[in-house]
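The next block holds one structure in the form of structure tokens; read it before the comments.
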Number of protein chains: 2
Amino acid sequence: MFKLSRAGEYALRGVVYIASKNVDDAVHVAEIAKCQNVPEYFLVKVFSRLVRNGIIHSIRGNKGGFRLSKKPENISVYDIITAVEGPLNLNDCFICKNSSKCKMKPVWDEAKEKMMEVLKQHNIADVA
Amino acid sequence: MFKLSRAGEYALRGVVYIASKNVDDAVHVAEIAKCQNVPEYFLVKVFSRLVRNGIIHSIRGNKGGFRLSKKPENISVYDIITAVEGPLNLNDCFICKNSSKCKMKPVWDEAKEKMMEVLKQHNIADVA
DNA sequence: ATATAATAAGACTAATAAGGTCATGTAAGT
DNA sequence: ACTTACATGACCTTATTAGTCTTATTATAT
Ligand code: SF4
Ligand code: SF4
């Protein structure tokens with residue numbers, strides 16, 4: 001409950017790894033997987049979501065790999081997590097119908113906001 | 001990911017329900033389950049954790065049921081959730097070993113703190 | 001005393017979600 | 001052409017959460 005997913009964790013570590021390398025050369029997913037000790041195929045999938053959301057940029061074919069789309073200081077932890085997991089929500093309120101007059105939902109929403117704030121405040125540069 | 005469990009949700013709704021009743025009579029779990037539209041046996045299990053953690057008080061036998069152990073305004077959302085789920089943690093860091101020199105863990109811890117703060121600030125009285 | 005109405009505890013099963021693998025396709029460099 | 005690397009989506013496996021049931025315990029009412 002309230003746990004960061006592996007996908008999220010891997011994405012973050014992967015991006016940090018790329019940031020640690022020379023900006024000029026693309027980094028292979030195989031290298032990242034190996035160095036970060038993460039299942040390669042899984043990381044491929046995670047990275048594809050980062051590409052689709054414009055966090056990283058991919059270069060296909062021989063001498064291909066991944067590069068950051070922006071400067072590390074312009075990529076927040078929040079960006080990465082939501083790119084991988086979609087919009088955050090502590091409580092979807094599928095279960096009950098009184099969502100409109102419910103006084104608990106605002107609490108969850110507030111908690112989520114506070115949490116998101118922290119994730120937005122930290123970027124790859126200061127986390128690397 | 002980052003989602004409230006059903007157990008947590010049910011616990012909260014259950015306690016709110018008890019709080020809505022006359023303090024003098026114990027409330028049956030069967031009644032709560034029915035009115036809250038929640039699986040009874042499951043709620044029993046959830047409530048037992050609340051009892052063990054001193055949130056509610058149980059009276060066994062005929063005419064038994066549950067009562068709040070304290071005033072609603074002294075029971076926070078945080079109390080209930082942790083009673084049911086144990087201590088919160090966004091990231092256990094089982095996966096990798098560099099936890100000591102890791103700069104991401106503090107971010108998760110900070111996010112958790114902010115979130116916990118909100119849950120601590122809200123009690124059953126103002127959520128009921 | 002006994003019947004009954006309630007919670008306590010924990011084993012068990014079912015459902016869902018997360019994590020991981022694989023096969024096939026596409027693009028780029030040599 | 002051939003090789004290397006990403007793209008995509010189907011598929012399988014594992015872990016976690018949700019839910020059920022059985023047996024025991026405790027208290028009350030008759
Ligand atoms: S937060 Fe409120 S509306 Fe949402 S599921 Fe819980 S009780 Fe229902
Ligand atoms: S937060 Fe840091 S120490 Fe924890 S799992 Fe992630 S990278 Fe490892």
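These numbers come from a predicted model, not from an experiment. Letters go in sequence order (proteins before strands), and every chain restarts at 1.
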- Gap between atoms CZ and C1', on A:Phe42 and D:dC12 respectively (whole Å): 14 Å

- Message: Using a 3.5 Å distance criterion without hydrogens, assess whether the side chain of A:Asn53 forms a donor-acceptor pair with backbone atoms of A:Arg49.
- Response: yes

- Task: Can you measure from CD1 (A:Ile80) to CG (A:Leu12) and round to the nearest 0.5 angstrom?
- Result: 5.0 Å

- Query: Tell me: CE of B:Met1 to C1' of D:dT17, nearest whole Å?
  - Reply: 17 Å

- Query: Who pairs with A:Ala128 by side-chain contact (heavy atoms from CB on, under 4.5 Å), at least two apart in sequence or on another chain?
  - Reply: A:Val16

- Not counting sequence neighbours, list each pair that qualifies as a ring pair (Phe, Tyr, Trp, His ring centres under 6.0 Å) and has a residue in residues 17-37 of chain B. none

- Would one find more than 12 heavy atoms of other residues, nucleotides or ligands at under 6.0 Å from atom NZ of B:Lys34? no

Enumerate all atom pairs, one protein N or O and one N or O from nucleotides 5-8 of chain D, separated by less than 3.5 Å.
residue, atom, partner, partner atom, Å
D:dA5, O4', A:Gly61, O, 3.4
D:dC6, OP1, A:Val29, N, 3.0
D:dC6, O3', A:Ser58, OG, 3.2
D:dA7, OP1, A:Ser58, OG, 2.7
D:dA7, O4', A:Arg60, NH1, 2.7

- Rounded to the Å, how far apart are A:Glu31 CD and D:dT4 P? 16 Å

- Atom CZ of B:Arg67 and atom P of D:dA27: how far apart are they, to the nearest Å? 14 Å

- Message: List the residues meeting side chain to side chain donor-acceptor pair (under 3.5 Å) with B:Thr82, not counting sequence neighbours, and say none if there are none.
- Response: none

- Query: So, for B:Ala11 and B:Val46, which heavy atoms are closest and what is the spacing to 0.1 Å?
  - Reply: CB-CG1, 3.6 Å

- At the 4.0 Å heavy-atom cut-off to chain B, mark where contacts on DNA chain C begin and end, going 5' to 3'. C:dA5 to C:dA18

- Non-neighbouring partners of A:Asp25 that pass side-chain contact (heavy atoms from CB on, under 4.5 Å), sequence neighbours left out: A:Asn22

- Note on the structure: Atom CZ of A:Arg6 and atom P of D:dT14 are separated, to the nearest Å, by 14 Å

